[in-house]
2 protein chains.
Amino acid sequence: MSAPSPGWLAEFSPLSTLPPDERAILTGASASVALPADATVFEPHQACGAFLLVRQGRIRVYQLDRDGNEIVLYRLGPGSICILTTMALLAADRYSAFATTETAVEAVALTDTAFETLMARSGRFRSFVFTAHAERMADLMRVIRNVAFESIESRLAARLLALAADRRALSITHQQLAAEIGSAREVISRHLKTFERRGWVSLARGRIEVHDAASLRRTAGPGDA
Amino acid sequence: MSAPSPGWLAEFSPLSTLPPDERAILTGASASVALPADATVFEPHQACGAFLLVRQGRIRVYQLDRDGNEIVLYRLGPGSICILTTMALLAADRYSAFATTETAVEAVALTDTAFETLMARSGRFRSFVFTAHAERMADLMRVIRNVAFESIESRLAARLLALAADRRALSITHQQLAAEIGSAREVISRHLKTFERRGWVSLARGRIEVHDAASLRRTAGPGDA
DNA sequence: GGTCGTCTGTGACGAAGTCACCAATCCGGC
DNA sequence: GCCGGATTGGTGACTTCGTCACAGACGACC
């Protein structure tokens, strides 16, 4: 693990205003971490042991049951931190979720002592960490609202829009979409077919093209992705 | 708001080992809060403005959608803290959950400045707060696993056992049970009827008596309540 | 072109949610 | 006591969703 390239701190805007002495702690005790795509970041009952700040790439955090059913909880992108590792650092508790890199990931790892030093010394750092906690908590609440209250059709529409972002087409299988919202492949296939019949999307093997984002947005409803 | 009765700190074991100067901050800036049963603790987009430590009673935290559907997220009992208020204090973010007292509640409220002072000064206090965060996060993950992966029958059995605790009978309506696990009243009624036909419980208006906890535990499965 | 593994489509069925409606019970007022 | 309204529980019909079984379609590779 080498030192991260200089200037990485600027990529985390809430941290870029830290006073010099606190910056020194951060930059002094950090190491670069590079992960390939589809790598395991952590699994239940397996601590990660370091505080991770994501610089590049995307990490998917999800739940898995014994039958292989899956549901995505949230994603971590550039500028966000992995709070599950902070849990393991500051609280003894460990909780059971999986995390996998979706793309190659570049991150900065902070030693646990440096993390605790900063938490003790820097109000800005604490606020940064707490904000991340609050956001993740909000993500989980959103997932609960979706699975408990929303129809598959609206959740699927919402997720298609979220995954497509601004692009027209996305490369994803029906099985992967089912894992996104915690449903079954056949159910997703059938709903996608009706979307296609309505002219909202067009389907090809491993590929979905969005034609009518407005209609999708309408069926997604006021609820969030 | 009067000062809480002396010795309340002993009720929060992780805090009882604080050094004298940190205890002084806690006891000096705290006020007693008494809430009746069925009172609103907080609602979405409405900050509570203080750090709450629960001494007596129970608070139910739940999600609600526009159609009145409900699902319980977790409960706070004696010795636990309300992390949603800490979110509002340290992070600007607010998230949308409801909290209601199930019984009369006695709590201690800490001013926000005292909270931040303690977070800055006391590693033990930080660890206490972070542990609470981790536990709540674990609760939410458990809820997600349940709604996404478990059958109604097993979730109902698990919840009956959890609510009954060691008692044989519990006073609860089918509607309330449905709100516990995020289902519909009719579904709960039907499952309870089959439980009764199997001799596991007996039903009366607003009352359920558990006769065969072992069988309930078996259908609840290895998963958590 | 042929083979194999992955991906998608479909029918049948059970489990769960929704809707409509009624019956039983409780509670307060008289 | 009795009555009337409100709450609670029971049930059938129907829709949506999850599960199972299986077939066809496509792409990668030889």
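Chain letters run A, B, ... following the sequence lines, proteins first, then strands; residues in each count from 1. From a predicted model like this one, the values you see are computed outputs, not experimental measurements.
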Q | Opening and closing nucleotides of DNA chain D in contact with chain B, under 4.0 Å to non-hydrogen atoms | A |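 Range of nucleotides touched by chain B: D:dT7 to D:dA13.
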
Q.
For a salt bridge (Lys or Arg N to Asp or Glu O under 4.0 Å) check, start with the C-alpha distance between A:Glu153 and A:Arg218, then their side-chain angles and the critical distance, and finish with the verdict.
A. CA-CA 11 Å; A:Glu153 186 171 274; A:Arg218 216 167 314 117; over 6 Å; no

Q) Any donor and acceptor pair, going by atom type alone, linking the side chain of B:Arg168 with main-chain N or O of B:Ala164 inside 3.5 Å? A)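 No, because the side chain of B:Arg168 does not come within donor-acceptor range (under 3.5 Å) of the backbone of B:Ala164.
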
**Q.** Residues forming a salt bridge (Lys or Arg N to Asp or Glu O under 4.0 Å) with A:Glu106, sequence neighbours excluded
**A.**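 For A:Glu106, no residue satisfies salt bridge (Lys or Arg N to Asp or Glu O under 4.0 Å) once neighbours in sequence are set aside.
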
Hey, could you give me the [atom1]/[atom2] distance between [X] and [Y], rounded to the nearest 0.5 Å?
X	Y	atom1	atom2	result
B:Ile81	B:Leu53	CD1	CG	6.5 Å
A:Leu52	A:Leu35	CG	CG	7.5 Å
A:His191	A:Ile181	NE2	CD1	8.0 Å
B:Ser96	B:Leu84	OG	CG	10.0 Å

**Q.** Pairwise salt bridge (charged side-chain N to carboxylate O under 4.0 Å, His left out) hits with a residue in residues 170-195 of chain B, at least two apart
**A.**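 Listed once each, the pairs are B:Arg75-B:Glu180, B:Arg159-B:Glu180, B:Lys193-B:Glu196.
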
Q) In B/S/- notation, 5' to 3', how is nucleotides 17-27 of chain C contacted by protein heavy atoms closer than 4.0 Å? A) BBBB---BBS-

Q: Considering just the side-chain nitrogens and oxygens of A:Lys193, establish if one lies under 4.0 Å of OP1 or OP2 belonging to C:dT8.
A: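 False: A:Lys193 side-chain N/O out of range (4.0 Å or more) of C:dT8 OP1/OP2.
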
Q: State, to the nearest 10°, the angle formed by the axis through the first five base pairs of the helix from C:dG1-D:dC30 to C:dC30-D:dG1 and the axis through its last five.
A: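 The two end axes of the helix from C:dG1-D:dC30 to C:dC30-D:dG1 meet at 30°.
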
Q: Would you please classify the geometry between the A:Phe128 ring and the A:Phe12 ring as parallel, tilted or perpendicular, with 30° and 60° separating the classes?
A: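 Rings of A:Phe12 and A:Phe128: perpendicular, as their planes differ by over 60°.
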
**Q.** Closest-nucleotide ordering on DNA chain C, the 5'-leading residue of A:Glu196 and B:Ser151
**A.**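 This one resolves to A:Glu196.
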
**Q.** Residue list, ring-ring contact (aromatic ring centres under 6.0 Å, His included) with A:Phe98, at least two apart or on another chain
**A.**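 Checked A:Phe98 against ring-ring contact (aromatic ring centres under 6.0 Å, His included); matches are A:Tyr62.
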
